[in-house]
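Below is one structure, written out as C-alpha cells; the observations come after it.
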Amino acid sequence: MSETVPVILAYIDPGSASFVILSVLGFMAAVGYVVRGWLSQLKQSIFRRRPVASASKKRKARPAGRAGRAGRAGR
Amino acid sequence: MLNADGGSFKDPAGRVYRVADATGEGRILRGLNGDAAATLEKLLAEPFFRSLAAAGDVAATTLLDDQDSAARSVLAEGWAAVAEHQAVDFLTWPYEWPFSMLQDAALLQLRLLETSVRHGWILKDATPFNIQWPGARPVFIDVPSFVPWAEGEYWQGYRQFCATFLTPLLLAAHLGIPFQPLLRSRLEGIPPEEAVKYFYGLRRFKRGVLSHVWFPAKAERRAQRRAGRGRPAQENARRRQPTTMLLALLDSLKRLITGLSYGPAGSDWARYAETHSYPPEDFARKQDFVERHTAARRPGLTWDLGANTGAFSRIAAQHSRLVVAVDGDQDAVERLYREARDGGPENIIPLVIDLSNLSPGQGWAGGERAAFDRRAKPDLALCLALVHHLRVSANIPLPLFIGWLRSLDAAVIIEFVGRDDEMFQALLENKRENYADYTAENFASELGRHFAVRDQLTLKGGARELFMLEPA
C-alpha cells in the first residue's frame, strides 16, 4: 500500500487546488479593495469638508463670485 | 544558419530560432502553427499591445513576409508562419538576478497581466524566464504567452507566479535567505509545500505568507488527500471567477511585492568604492587604462568579471554596447542594479554569480538554460583584482583560469595583485597553504602561453600590474 501512494500523488496536478485558492484570495482581495476605497472616500470627504466649511463662512462675508479666489489668496 | 533555441520547445504552438543575418547580427525568429499565428496577428492589431511594445515593456514583434529569406528557412521546418522579435544581446536567468531585478520583473509581469485582462487577453503562464534584460530595464519576450481571455476565466498562472516570483522574494525579504541557489536547482520555482517549511511558527504571520504560501500549501495538501475525488484541472479551467476579484488580487499582489525590500547589509564589497586599497592617483591611472583601451576597441559585449559595485563597468559602458557585470556578492550587485536602473548607464546587466561556480547548463539535456559562458562570446573581458581571489579563496590554479579566459576568444584587461600587496596578505591570513605558485613570473608565463600582451601598467609601487591582452 505504501508503495502505491507516491505513484498516485505523481498523477495529481498540484494546480487542481488553484481555483479554490484563487476564489478565496480573490474574494479577500476584493473585500480589501472595497474597504480601501471606502476609507479613501472617507478621508477625502473629511479632508474636503474642512476647506469647504471655512470657504462657506468667508463667502458669507464677501461678495458672491469672488469669495473662493479671494479666500485662497488670503492664506 | 538556423539554430533552434534550447529553451523554447515546451510550447507546441511555436519554436524560437536564432538566425545570423548578412551582417552577422543575430535575429530572433519564431515559427508558429496556424492557430498561434492567427492569435498573434490579432494581438499585434490591439492598441494596448502596441502601447506596451512602444513603451519597451514587451519585445517588439512583427509577422514576417514569406519572401523574407530567413523566414523561408523557418517555414521549411514545417511552421505555418514566422514572427520576428526584438533581439536581446545576452540572456540571463532569474537565479542570476539580484533581489530588485526579480522584484521589478514580478511587477512587470503583474502590470502586463492587469493590462491584458482589462483588454480581453491574459498571460497563459507566469515564469521569470519569459523576461529578459536588454540593459537595466526588463522586457517581456514570450509574446505568444498572450492569449484571448474569456470574461471570468480564472488565472491559471497564479501557482507558477508564486513559485517563481513571489516566494523567492518573500524568502529574501522576510528571512534573508538568498533565492538564487534555490531557483538554480528548481527551475519551476519553490512550490508552496516546500516554501511553507521555511515559514514555521510565527514566521507564517509575516506579510503575504499566510495568503500566498501557508494557505495554498494547506489547500494543495487537502487536494492531494482527496486524490481522485476532487475536480480535474481541465474542469477547473472552465470555472468562472468575477473579473473584479482577479483585478483586486493582482492589485494586492502588486502592493505586496512593491512593499518588500531587501537591504544590502553593507558588506565590504558593497562599500568597495570607498574601501579599496588604492591611493587616489593610482586609482585614477587604473581608470584611465581601462577607459583608454575600451574606448579604442568599442566592444559590443563586455564582461566585467568581479565587477563589485561597478566602478569599472560604468567606464566600460560608455564605450560598449552592453556590459554584463558579474560578482558573487549579493549586496554589491544589488547596489549596482539600483544605481544603473535609477540613474544609468542603462546598458549594464548586473548579475549575482560566483565566478568559481559559474551557472551551468540547466534543464532538459543541460541545454534549456545555457551555461553562463555558452550564451554569447564577449568582445572584451575585464578581470580587475580578481585573480588572487580565485587562486587563494577558491583554490583555482592560474593555468586553469587563464586557459578558461583564452577559451572566450576575447580581448582581456587583467590585473595581477602581487604577493606583497596588503590585500593578498589579508587573504593568506587564515590559510595554511602558501600558494607558492602564485608569482608574477608564473602569471606572466601563463599569459604568454595564451595571449599577446599589448599594453602594461605598473601600479602601487610594483605591487600590482595591469595587462591589456589579445588572444595569441
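So that the names make sense, note that chain A is the first sequence line, chain B the second, and so on, each numbered from 1.
Summarising the geometry of A/S23 relative to B/M245, their closest heavy-atom pair is O-CE, 3.3 Å, with the distance given to 0.1 Å. Taking both residues in full, the closest heavy atoms of A/F19 and B/R240 are given as CZ-O, 3.5 Å, listed atom of the first, atom of the second, then distance. Here the closest heavy-atom approach between residue B/Y154 and residue A/L22 is recorded as CD1-CD1, 3.2 Å.
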### Task
Carefully, step by step, assess A/Y33 and B/L247 under the rule side chain to side chain contact (heavy atoms under 4.5 Å, CB included).
CA-CA 10 Å; A/Y33 189 78; B/L247 291 174; over 6 Å; no
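For B/S252, the part lying near chain A is the side chain, with the backbone staying farther off; criterion is any non-hydrogen pair under 4.5 Å.
The CD1 atom of A/I21 sits 8.0 Å away from atom CZ of B/R159, with the distance rounded to the nearest 0.5 Å. To the nearest 0.5 Å, atom CG of residue B/D251 and atom CZ of residue A/R36 are 5.5 Å apart. Between atom CG of residue B/L246 and atom CG of residue A/L25 there is a gap of 11.5 Å, rounded to the nearest 0.5 Å.
Annotation: A/F27, atom CZ; neighbour count of heavy atoms from other residues, nucleotides and ligands within 6.0 Å does not exceed 12. The number of heavy atoms from other shown groups lying within 6.0 Å of CG (A/L42) is above 12. Applying the 6.0 Å contact sphere to NZ of B/K218 captures no more than 12 heavy atoms from other residues, nucleotides or ligands.
With B/Q241 contributing its side chain and A/G26 its backbone, the two residues share no donor-acceptor pair below 3.5 Å.
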